Protein chains: 2
Amino acid sequence: MKISELARLAGSNAETIRYYEREGLLPKASRSESNYRIYTAAHLERLIFIKHCRNLDMTLGEIRTLLRFKASPEENCGEVNRLLDEHIEHVVRRIGELQELERQLRDLRECCPDGRQAAACGILEGLSQPSLEKTPGNHVPGVHASFANNINKS
Amino acid sequence: MKISELARLAGSNAETIRYYEREGLLPKASRSESNYRIYTAAHLERLIFIKHCRNLDMTLGEIRTLLRFKASPEENCGEVNRLLDEHIEHVVRRIGELQELERQLRDLRECCPDGRQAAACGILEGLSQPSLEKTPGNHVPGVHASFANNINKS
DNA sequence: TTAAAACCCTTGAGTCGCTAAAAGGTCAAG
DNA sequence: CTTGACCTTTTAGCGACTCAAGGGTTTTAA
């Protein structure tokens with residue numbers, strides 16, 4: 001099959017597939033006489049695997065690791081477990097951060113009943129105040145640009 | 001004051017400050033004879049405002065909007081409220097998504113007791129399965145690359 | 001048969017919010 | 001007078017795509 005059919009079957013998109021090939025996540029496809037990429041069921045299977053991992057918000061690096069373990073079945077899967085445990089930990093930490101963030105945003109929103117002028121806006125005032133302390137933590141990202149977006153668009 | 005003092009006072013960093021100037025979030029600083037940027041208390045205040053907003057994970061675009069409203073106090077702050085409401089909604093949606101994600105990851109982790117070979121790894125098997133449905137939603141991002149990082153490093 | 005539409009290719013640039021490196025100029029202390 | 005800390009600009013890198021330009025090919029329909 002050609003690239004757009006593969007994309008359709010995997011619920012993905014052609015540019016992303018070419019990108020994965022460049023990144024070494026998908027093996028290079030064979031080519032037709034006219035230099036079109038030709039894919040097999042094995043490619044589809046692998047692409048779906050990658051998609052599942054992305055739906056679980058894994059990085060391409062993590063997915064590469066998983067693919068290596070899939071390719072060498074003699075190895076112990078403790079590494080796979082470890083990777084997943086770490087990933088779960090990131091997600092849990094991020095949830096905590098976002099809950100704290102939500103609390104702060106709602107506090108801020110309370111400051112300003114509707115219909116005031118910006119000069120008297122409690123929100124702008126609140127954001128100028130030297131409070132709003134930092135929270136600790138590392139690795140696990142933002143609120144915009146989304147996992148949800150990825151899922152919808154693919 | 002010079003750029004590194006401003007950075008120190010705001011708990012920010014010099015490169016970020018230059019970046020904000022390029023992006024039009026901070027007004028251009030005046031220059032010394034030797035072409036060094038010279039800042040005033042007003043710059044510091046504005047930078048702190050921006051930092052608070054970033055701590056709340058707002059995009060630079062959203063912050064630009066808030067700064068516009070700060071600059072024109074005659075306008076009604078309904079827009080500010082709306083922006084914040086939307087932002088809260090993003091955060092709430094993202095929390096829900098991550099909770100669902102955590103559930104899926106834990107399910108997956110259950111599949112594979114430690115010490116198996118990759119050939120029999122329930123996780124790799126699980127990721128190959130055609131289940132793992134999409135969830136709806138848009139705008140609000142990933143698990144890696146983090147808000148927490150931003151906060152710590154700045 | 002032919003012309004338009006739909007597909008394919010590569011390369012390069014853009015997204016976001018920084019961060020860092022390279023290569024140089026300025027300034028204060030020892 | 002040299003060392004080192006600071007400042008400047010320009011440029012490229014991160015992750016995971018996404019899109020546009022500028023071409024070639026294949027399919028469809030008039």
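In what follows, chains are A, B, ... by sequence order, proteins preceding strands, each numbered from 1. Nothing here was measured: the structure is a model prediction, and the numbers come from that model.
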Could you state the atom-to-atom distance from [atom1] of [X] to [atom2] of [N] in whole Å?
X: Arg8(B); N: dC6(D); atom1: CZ; atom2: P; value: 11 Å
X: Glu21(A); N: dC17(D); atom1: CD; atom2: P; value: 15 Å
X: Leu25(B); N: dG17(C); atom1: CG; atom2: C1'; value: 11 Å
X: Met58(A); N: dG15(D); atom1: CE; atom2: P; value: 17 Å
X: Glu15(B); N: dT9(D); atom1: CD; atom2: P; value: 12 Å
X: Ile3(B); N: dT26(C); atom1: CD1; atom2: P; value: 17 Å
X: Tyr19(A); N: dG14(C); atom1: OH; atom2: P; value: 18 Å
X: Asn13(A); N: dC7(C); atom1: CG; atom2: P; value: 13 Å

Between [options], which nucleotide has the shortest distance from any of its atoms to the side chain of [X]?
X: Leu60(B); options: dC9(C), dG17(C), dT19(C); value: dG17(C)
X: Thr16(A); options: dT18(D), dC18(C), dC9(C); value: dT18(D)
X: Arg18(A); options: dC6(D), dC18(C), dC8(C); value: dC8(C)
X: Arg22(B); options: dT8(D), dC17(D), dT10(D); value: dT10(D)

Please report the interatomic distance [atom1]([X]) to [atom2]([Y]), rounded to the nearest 0.5 Å.
X: Phe69(A); Y: Asn81(A); atom1: CZ; atom2: CG; result: 10.0 Å
X: Ile38(A); Y: Met1(A); atom1: CD1; atom2: CE; result: 10.0 Å
X: Tyr20(B); Y: Lys51(B); atom1: OH; atom2: NZ; result: 8.0 Å

> Where the side chain of Ser12(B) meets the backbone of Arg8(B), is there a donor-acceptor pair that is under 3.5 Å apart?
Replying inline: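 No, because the side chain of Ser12(B) does not come within donor-acceptor range (under 3.5 Å) of the backbone of Arg8(B).
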> Among residues 26-39 of chain B, which residues get a heavy atom nearer than 4.0 Å to DNA chain C?
Replying inline: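 Output list: Ser34(B), Tyr36(B).
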>> Looking at dA6(C), I'd like to know if its phosphate oxygens (OP1 or OP2) sit under 4.0 Å from a side-chain N or O belonging to Ser4(A).
In response: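 False: Ser4(A) side-chain N/O out of range (4.0 Å or more) of dA6(C) OP1/OP2.
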>> Below the 4.0 Å mark, does dC18(C) have OP1 or OP2 next to a side-chain nitrogen or oxygen of Tyr20(B)?
In response: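 Affirmative; the distance criterion is met.
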Answer yes or no: is there a side-chain heavy-atom contact under 4.5 Å between [X] and [Y]?
X: Glu5(A); Y: Leu9(A); result: yes
X: Met58(B); Y: Leu66(B); result: yes
X: Arg46(A); Y: Lys70(A); result: no

